[in-house]
Structures are given as C-alpha cells and as structure tokens.
Amino acid sequence: MASTFKCFALSLVALFSIVHAAKFQGYNFYRGNGPVSSGLVTEGATLMLNGKPLRILSGAIHYFRVVPEYWEDRLTKLKAAGLNTVETYVPWNLHEPRPGVFDFDGILDIKNFIETAKRLDLLVIFRPGPYICAEWEFGGLPSWLLTIPGMKVRSNNKPYLDATNRYLENLIPRIADLQFQKNGPIILVQVENEYGAYGNDTVFMDASKQQLVTHGIVETFVTSDGPKDLTTGTATNVWMTVNEKNDMGTHLDTLKSLQPNKPLMVMEYWSGWFDHWNENHHTISLKKFSLELRAILSRNASVNFYVFFGGTNFGFLNGANFALENLSMPYEPTITSYDYDAILNEAGKLTAKWNRTREILQEFGLLADDLPQPPADVPAFAYGQVNFQQWMSLDSVALGVKGQQMNDPIQMELIEVFPAVPVTPLVYNASAGFQSYGYVLYSIDIPNGNSIIVLGEIHDRAQVLLDGVQIKLFDYPKSDYHEHIFDVKYRPGPNEDDPRRLQILVENMGRANYARKDARVDLDTQWKGMQGQVYIESQLLTNWTAYPLEFGKGAASFLTPAFQPYWKQNLVGQTFPSLMQSTLNVPDDQPRDTYLDLTGWGRGVVFINGFNIGRYWPDAGPQQTLYVPGPVLKKGANSVVVFELEKSAGFVTFKDVPQLDKPTGGSSPSPCVSPVSTQAPPVSSPTSTATGLVCSFAAFLLCLAIAF
C-alpha cells in the first residue's frame, strides 16, 4: 500500500510540474520588479524564493578552470540545457597566493563571472570554502598555511580562523552586492565543504558560518556531505544537502529522515568522475546517469550537476587523494584534465549527456519552452607538428632563481623564491614569497667513493642525479616512506680526487585535496620537497643548496636575451631533466582550440606563450593530450616551452581531437567524446506538453485504481 501511495504522489508531482512548466524561470522571474520580500526559504516541501516556488536545477562551472573568454559560452550552454542556476567554488590558494596579497583579475575575476551569470538570467550557488576539495591543489587551501606555527587547518584553531577571516574579509565585500536580497543572483552560500568526512566539530562550523555573516553574507546557508557524513558535517540551523552518484533514491530518503520538514537537494550529483595518473579514464554510462537523475527528480528534489563542465587543472593546480575509496589507498595525484565525463567535455562541447539531461527534464515537465539554442561548437584545429632543437640544461635552469643555503634539506614551503632579473649579468632582487608549487632542486658535493646514502622523507617524486646523470628514481607511491636509500659507486679516472655533484630534483605532484578523518594522513602534513637529515656512510651530510623551480611567470624569463647564451642549438648530447623551446606558427586571426600530443615524451609541464597548460605523463596515462584553449594562442609565432624530466621525442603534434585514455592495440586514437549535434532537441511544444499531460494523467488514474 505504501508503494501505491508513493506512485500516486509522484504522479501528482509530475502532473503539476508539466502544467506549470512553460517559460524559463531564472533570476529575472524571481527578482521581479518590486522590492525583494525574502531570499531562499528552505522550510516545508518546496523551496521558496521571493515568495515564489523554486526548483533548483543547477550545474557546476568553475571559473578558474576555464579561460574567461569562454565563460559566457559555458554558461549559455548550461541555460540551454534547461538549468536555471550555476554553482561555483572559490579557490583561496589562487586568490591569496601569499599572505595578505590578493588577486581577483583575469581568470580570477569572480565578480565578472557572477555578473555574466546574472546577465544570462541565471541564479548562483556560491561555495567560498575556504576549503573546497574539488580535486584542486590542497583543496583550495594556500600552502603557506603549513608554515604558520600551531596551525591546524579545518578546525576551531585560532591561527586557521585568523587566516580564513582575512581571506573572507577581502573576498565577500567584492560579491556582497551580487546577493539576491541586494539585487544580485546569489541565492545560496555554502559553509565549508564536506566537513563531515573530515571532522565533527559544530563549534568550528558555526564559527565558519559566523565569519561569512560578519563580512556581509545575508543569504541562506547550506552544507553538503556524503550520505554517511550528513550529521557530522552540519552547522547549527543550516540546510543539509547530499553528494553522491549511486543509489540516489535511498540517500534522499535518508536526508528526508534527518530533516523531514525541509526540501530535498542533491548538491553534488556526480555526472562522471575524475582520473588519477596510472588509471584508466573514468566514465559513467548514459543508462546509469539517467537512472539516478530520474530517481532524484522523482522525489521532487533540487539538483546540482557536479560537474556540468569540468575544464582543466591548468598549471600545477591538480589535487590528490588519500584513502578515497578505502583507508589503505595511498597518495593518488589527479591528472591535468578535469573532463570528468561531464555534460560538457573539457573543451566545452556538448556530449550525449547534455541531450539526455534535456530529455529527462522534459519528461518531468521541467524544461522551459523558450530556452536559447546553445552556441555552436567551434571545431578544434590540428596545427600539426612542431620540432624542437633548442634545449637548456638543468644547471642553467637553476640560474632562474637564487639558490638558498641550508644545513639540512628543508620543505618547499620554507624556501624563499628570488627570481632572476633577466639582465646581463643576472641579478636576484625582490623576494616573490615562499615556494608553493613546482620542483625543488637540492644540490650538494660529495666525496668520490662507494657509499650508501640515506635520505629522509620525500614528497612526492624524486630524481637522484650524480654528475648530471640519473641514478635513482623514487616515485610517488613511496612518497610516504620515512627513509629512502640508494648507492653511489666509485668513479675511477684522472679526476677521481674531485668531489661529485649530487642533485635531487623533487616534484610536488599536488597536495591532497581529500583525506578522511580516519585516514593515516591529514591535511596538516601536506608539505612538499625534502625534509630531515641526510647521511652518507652514517655520517651527516650538510651544506645543501636548494633551487625553488616554481616557474612562477610561466618560464617567460628564459626566453629573454639574458638567457640566450644558455640555450644549446641542437639536441646532440641533450641531458635530462632539461628545458626545451620551439615555436608554433598560427595563421588564424582567431586561433582555435587544439590538443597537444606528447607521445614519446616522458613527464613534465608545458608553457605556451607563458601560460602553464599543465602536466603531461603519457606513459602513465590515462591522459595522452593536453587541451590548449584558443585564447592562449595568437596569430603568428607562439612560444612552446617544455620542462621535460626524462626523455623527448624531439617534436610535439597539435591535433584536433583529444585522447583522454591510453591507446588500445594498434588502432588510431579516437576522440574521448563522440560528436553530438549542437542543435538542441525540441523543447516542450504544445503537442508534446499535451502528450506528457495525458501520460501523467493516465498514471494518476492507474495509481488511483490500484489504491482503491
């Protein structure tokens, strides 16, 4: 009998929604022309906004994962899919890269992004963190937190709350007038993020909420957590929402039991999944995606697709996970692509899930009949092969920063960066702060002889070089070992009395963005580089020099005349690691997106016109190509600089299709997403609406007959 009445109720919901679905209801509909009577009200069975019922149909687009020239394109495609709201995180580590130094320009112009959403008649869910997870470096936390004495992140800890307070004091006033009750599109603000997986301190969560209030947030607050963490992740009197991709009906029933008098919402319905290095590319089938979406909508729940569009982890900004699926899982860094098998692919093109989303919204009477057509997808362009001849040795690359002297190796976050001023001779002036990303080159002279060397902790991947030749690699699965041992062999010959140069190049592969409270590591241990004393034949090895290779300005200084003497003009005798440069010539007035194929290369990072497009590692995979947005390119000569750690094919190829999975057999690589028509399927015309109405009415009568 219970299932009968559930069928009866769902039929009524479908009947009511089809009758009322007509025109798009976004910001302008809810704002109206008069004064705002209220923000979002989360009491009862239905959300209310300014006195009108609201069903949030939202999608995540992270402004910092897509060049600003494409913001409007991605947002328009979101609206054309039938969604009325966009959700975004805010990355603290980019907005406050050094303590007290803030950046809200260019790709970080959060106000411009929200204003664009408003202009397109969209509502906004604002998730400022300060911790965001998001498969983003350190979950959006700035690495300099790790250098503050007594710091314990994501806790009711005074140093942490002092730091978050300063950040929010600078962030919130920039967007305060974009809140709904102040004539803006922001209707919902999240407190922290999935805190229930990490802690259970309501005092901390309430303090985090109060900081948002203090600095100007007036809208409704929300928390979001996994199904098992809902009660531990909440704050006092804050609306709870759930995050998942499986068994959504059950999880929504659980959420309803915890807050029976509030509407339901899935804050993160995972439309796909992300990839780590050395995995296969993750996908979620249309069948599975559709099944769970219908389960959400059939319960009259609001939904936010995480993600609608993923974008790219440009630069060194990918995150990593500990104990993601179980407590025994080691450190797992995330790849550069954040394609996520989402509703739009990494380049913003429509996928089959985009069409399916519209179809399912129409089934439930939630698809407006006046939606815009999505902007046409501009095909990527195959610019072809680019050959390399010039390269620079690791020792020359180290001249780009001032070496720091130390007795014992110290962690990356404690090494100050003094970039070279590109004049002749090179000078090192003002500090750029302490290192956050990239690589550290530790260097020392040791006596010639057979010896055993013992290092301490290394995070995350270390290449050991002796006289410029790699003799040992400590890869990232062993990064949590407390001791690393290798042998050095005696070098005979006429220079046998000379000391030998020992160098250890350590790469920060991404700080963890996620670690459960019961894992064997926590976020307070996310320092990078080397730490601890080093021994040679049981004797302490001191007097190190560290070079912080952060590439803070995209390797641009290495292309100046001051560094020209250090570039070798052919690849004969090339050693690794090394920097390489070439030129891509673009004939177009409006350059198009392209995909950089580095087949035959080892591991490294690529800068195009000084823009760090991210890391590559084709042998590990799954990702084989790097996405290059058209706006990064320019007509004419474009600089291509590669910092390669291991080997080079001597050329790269710019292609018109991506490859996000490892090649299979001998077949040619295929695009990661099948082409999808950019022509939107028909919206609910009077005929289709009438058909849906008849079907829903028939279902209503059937349930009625069964019941009685």
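Only a predicted model underlies this, so the values are computations on that prediction, with no experimental measurement involved.
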(message) Please enumerate all residues that pass side chain to side chain contact (heavy atoms under 4.5 Å, CB included) together with A398, with sequence neighbours excluded.
(response) L441, Y547
(message) Checking side-chain polar atoms at under 3.5 Å, does E192 have a donor or acceptor matched by the opposite partner on T223?
(response) no
(request) Decide, yes or no, whether a salt bridge links D524 with R154 under the criterion of side-chain N to carboxylate O below 4.0 Å. (result) no
(message) Could you check whether R166 pairs with E96 (Lys NZ or Arg NE/NH1/NH2 to Asp/Glu carboxylate O, under 4.0 Å)?
(response) yes
(request) Output all residues satisfying ring-ring contact (aromatic ring centres under 6.0 Å, His included) with F314, sequence neighbours left out; order by chain, then residue number. (result) F611
(request) Output yes when a side-chain donor or acceptor of T351 lies under 3.5 Å from a complementary backbone atom of I343, and no otherwise. (result) yes
(request) Salt-bridge test for D460 and K528: reply yes if a basic N is under 4.0 Å from a carboxylate O, no otherwise. (result) yes
(request) Output yes when E507 and R615 qualify as a salt bridge under the 4.0 Å nitrogen-oxygen rule, no when they do not. (result) yes
(message) Are the side chains of V641 and L559 in contact, using a 4.5 Å heavy-atom criterion?
(response) yes
(message) Check for me whether the distance between the ring centres of Y595 and F654 falls short of 6.0 Å.
(response) no
(message) Nearest 0.5 Å, please: how far is CG in L78 from OG1 in T85?
(response) 8.5 Å
(request) May I ask you to check whether Y195 and Y131 place their ring centers less than 6.0 Å from one another? (result) no
(request) May I ask you to check whether Y514 and E332 show a side-chain donor-acceptor distance below 3.5 Å? (result) no
(message) Enumerate the salt bridge (charged side-chain N to carboxylate O under 4.0 Å, His left out) contacts for residues 304-321, please, sequence neighbours excluded, ordered by first and then second residue.
(response) none
(request) Output every pair passing salt bridge (charged side-chain N to carboxylate O under 4.0 Å, His left out) with a member in residues 171-187, not counting sequence neighbours, ordered by first then second residue. (result) K111-D177
(request) List for me each residue that meets ring-ring contact (aromatic ring centres under 6.0 Å, His included) alongside W239, sequence neighbours excluded, and say none if there are none. (result) none
(message) We want to know whether D121 and N28 form a side-chain donor-acceptor pair, criterion being a heavy-atom distance below 3.5 angstrom.
(response) yes
(request) Please tell me if the side chains of L83 and S58 come closer than 4.5 Å, counting only heavy atoms from C-beta onward. (result) no
(message) Between V86 and L75, is there a side-chain heavy-atom distance shorter than 4.5 Å?
(response) yes
(message) Run F316 and Y437 through ring-ring contact (aromatic ring centres under 6.0 Å, His included) and show every step you take.
(response) CA-CA 6 Å; F316 298 115; Y437 314 111; 7.1 Å; no
(request) Could I get the full list of side chain to side chain contact (heavy atoms under 4.5 Å, CB included) partners for V378, not counting sequence neighbours? (result) R592
(message) Restricting to side chain to side chain contact (heavy atoms under 4.5 Å, CB included), what partner residues turn up for N513, sequence neighbours left out?
(response) C133, E135, N321
(request) Determine, for R127 against E268, whether the closest basic-nitrogen to carboxylate-oxygen distance falls under 4.0 angstrom. (result) yes
(message) I'd like to know whether the aromatic ring centres of F551 and F607 sit less than 6.0 Å apart in this structure.
(response) yes
(request) Any chance you could measure S337, atom OG, to D275, atom CG, to the nearest 0.5 Å? (result) 7.0 Å
(message) Once salt bridge (Lys or Arg N to Asp or Glu O under 4.0 Å) is applied, do any residues pair with D73, and if so which ones, sequence neighbours excluded?
(response) K77
(request) For the pair Q211 (side chain) and L161 (backbone), establish whether a donor and an acceptor sit closer than 3.5 Å, ignoring hydrogens and angles. (result) yes
(message) Does this structure show an ion pair linking K402 with E416, if we count only N-O contacts that are shorter than 4.0 Å?
(response) no
(request) Using side chain to side chain contact (heavy atoms under 4.5 Å, CB included) as the criterion, list what pairs up with E69, not counting sequence neighbours. (result) V67, P631
(message) Any salt bridge linking K655 with D597? Criterion: basic side-chain nitrogen under 4.0 Å from a carboxylate oxygen.
(response) yes
(message) Could you check whether any side-chain N or O of N508 sits under 3.5 Å from a backbone N or O of S436, counting only pairs where one atom can act as donor and the other as acceptor?
(response) yes
(request) Give the C-alpha distance, both sets of side-chain angles, the deciding distance and a yes or no for ring-ring contact (aromatic ring centres under 6.0 Å, His included) between H281 and F274. (result) CA-CA 8 Å; H281 178 51; F274 52 88; over 10 Å; no
(message) List the residues meeting side chain to side chain donor-acceptor pair (under 3.5 Å) with D162, not counting sequence neighbours, and say none if there are none.
(response) K158
(request) Not counting sequence neighbours, which residues clear ring-ring contact (aromatic ring centres under 6.0 Å, His included) with Y338? List them please. (result) Y340
(request) Please name all residues satisfying ring-ring contact (aromatic ring centres under 6.0 Å, His included) with Y167, sequence neighbours left out, ordered by chain then number. (result) W92
